[in-house]
Amino acid sequence: MSRRIWLRVLAVCGLCAAALGQARPLPGPDVTQIYQRLLPQIEKIPIFDHHAHPGFADDPDVDAMASPPGSAALRTRDTNPELVAASKALFGYPYNDLSPEHAKWLVQKKAELQKAQGNAYFSNLLDKLNIEQGVANRAMMADYLDPKRFPWVFFADSFMWPFDNQRERARNRDEEVYIPLQEKMLHRWMQQENVDKWPPDFASYLAFVSRVLEDNQKKGGIAMKFEVAYFRATKFADPRREQAEDVYQRFRSGGIPSEQEYRTFQDYIFRFLVREGARLHLPVHVHSAVGIGDYFNLSEGNILNLENILRDPRYSGTVFVMIHGGYPYEHQAIWLAAVKNVYLDTSLMELDMYPSEFRRVLKTWLETFPDKITFGTDSFPYNETLGAEESYWLGVQSARTALAAALAEMISEGEVSEPQALQLAHGYLHDNAVAIYEGRVH
Ligand SMILES: [Zn+2]
């Protein structure tokens, strides 16, 4: 551990005098004992879940996009035996497998609880898992989610697709699903602002975009979210306003822009939204990991493509939260958190990785920029068995155990003291994220 990083860890912990001696490369025989001591303390920390999509499987507003048929990583399949443990913990499931016959019990149990608890159903779930507040990153909020427990993060991608999207849709089978949903999202923003066709001048289009952001913020939105990596490469060039304006003028009322013309327009709009994020104190969340669907392009969506934006001093007033921590490039991604206004979130990583592997990731992150990492579950109604409920449980359990294990090793190896470790745990599970929103969440 370099001296610079060590000083950062000390600074985070608010301790400057602790002398732990030289760090060791291997944990000692006390590591299991430390783990067992830490875990119950970590379980008592109320969580702020920085990224999730709470809702029922039949609710189309759970996300601004839908998953096309494609492969799912081993742990996120409905065959994962851990889901039995989730069902037992959450619903008192009496069986030891999820055979179709037995799974009926679970479906019925959830339906009964939803009926009995009504709008408190998801809040009760948070209580059960000791989650104080959990972000609802949704197309629109649902009336069955209490906004006091579920702060809204809305989607901002659709402003980049206002033209005829024939060419965009035709790129592959996944885009056939995604692009019409972006059009639907944009249409809903138009309805919200009483706009029925695109204004003749570009300035009015930008004013429309700003109005949507402002109104969503008034409705309780705490951040804007991009999942742009699903729709195009995340390398954004820096075109002049006149270039974007020219594309707008030529295609606002019809015609199909060339790929280059469309990208130029989008590059400008993305940067405009990033600047608005600073003006409105509206943090910018960006999907920065591998995505679902068989056509998600890993290299075009690589988190490092965004480095030119994240390290641009013109955007130092915008807070960026890199959702899913750049996975599977998380090892490089943590160095982006060196930028004062850039944070990394671990959602999805705890679901795709098993705790033993996630522990290694978390340890590296905690040893690098521990004050810049935040917890999220990416809870989502993935399928019949892995619902939003079970994915909350799996995310929370995985993160707590992996965190306890990572910190136990760090303590045993002489990197941090136990009180420092617990402070890092509070930061990751709650404090780091909450500090971003200037009192709007707790
Ligand atoms: Zn998500």
Side-chain angles (χ1 to χ4, degrees), residues 47-57 59-68 70-73 75-77 122 125-126 129 131 133-142 145 150-158 174 177-178 181-182 185 216 221-231 234 283-293 296 298 301 303 306 320-330 333 343-353 358 361 373-383 386-396 398-399 433 436 441:
I47 285 175
F48 182 83
D49 180 351
H50 208 174
H51 180 75
H53 312 269
F56 298 117
D59 178 348
D61 284 345
V62 150
D63 203 327
M65 54 171 258
S67 37
S71 34
R75 200 180 183 211
T76 57
R77 295 179 198 166
F122 275 99
L125 192 72
L126 295 195
L129 295 168
I131 301 175
Q133 282 189 312
V135 159
N137 181 206
R138 297 174 43 101
M140 295 282 170
M141 271 302 269
L145 295 173
F150 295 93
W152 184 37
V153 171
F154 60 89
F155 289 93
D157 303 277
S158 63
D174 290 1
V177 176
Y178 299 151
L181 288 168
Q182 289 307 307
M185 194 74 248
N216 287 349
I222 58 159
M224 64 174 120
K225 159 85 183 295
F226 291 95
E227 45 195 7
V228 58
Y230 279 102
F231 321 127
T234 51
V284 169
H285 290 197
V286 189
H287 172 104
S288 67
V290 63
I292 48 172
F296 185 92
L298 259 180
I303 186 169
L306 286 157
F320 295 94
V321 183
M322 306 313 285
I323 300 292
H324 317 317
Y327 177 70
Y329 306 109
E330 75 282 352
Y343 293 78
L344 297 188
D345 145 88
T346 64
S347 65
L348 176 86
M349 297 204 294
E350 316 95 344
L351 298 184
D352 271 358
M353 279 183 251
F358 182 55
V361 173
I373 66 176
T374 73
F375 166 78
T377 55
D378 207 22
S379 162
F380 184 87
Y382 290 89
N383 54 51
L386 180 54
E389 301 92 331
E390 289 81 7
S391 41
Y392 268 126
W393 182 89
L394 197 61
V396 163
S398 303
I436 292 172
V441 302

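Keep in mind the model is a prediction, meaning the values are calculated, not measured. Note that ligands are numbered from 1 as they come in the structure, with each ligand's atoms numbered from 1 the same way.
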Asks: Which of these passes ring-ring contact (aromatic ring centres under 6.0 Å, His included) with His287: His53, His51, His324?
Replies: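 Among the candidates, only His324 passes.
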Asks: Let's go through Phe48 and Phe375 carefully: what are the C-alpha distance in whole Å and the side-chain angles of both, what is the deciding distance for ring-ring contact (aromatic ring centres under 6.0 Å, His included) to 0.1 Å, and is it a yes or a no?
Replies: CA-CA 7 Å; Phe48 182 83; Phe375 166 78; 9.7 Å; no
Asks: With rounding to the nearest 0.5 angstrom, report the CG to OG1 distance, Asp49 to Thr377.
Replies: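 The OG1 atom of Thr377 is 3.5 Å from CG of Asp49, to the nearest 0.5 Å.
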Asks: Look at the rings of Tyr392 and Phe150 and say which category their plane angle falls in: under 30° parallel, 30 to 60° tilted, over 60° perpendicular.
Replies: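 Taking Phe150 first and then Tyr392, their aromatic rings sit tilted (interplane angle of 30° to 60°).
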Asks: Under 2.8 Å from the Zn ion (ligand 1), how many protein N/O/S atoms can be counted?
Replies: 3
Asks: Specify whether Tyr178 and Tyr230 have parallel, tilted or perpendicular ring planes, treating 30° as the upper limit for parallel and 60° as the lower limit for perpendicular.
Replies: perpendicular
Asks: Can you tell me how far the CE atom of Met185 sits from the CG atom of Asp63, to the nearest 0.5 Å?
Replies: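 Output value for this atom pair is 10.0 Å.
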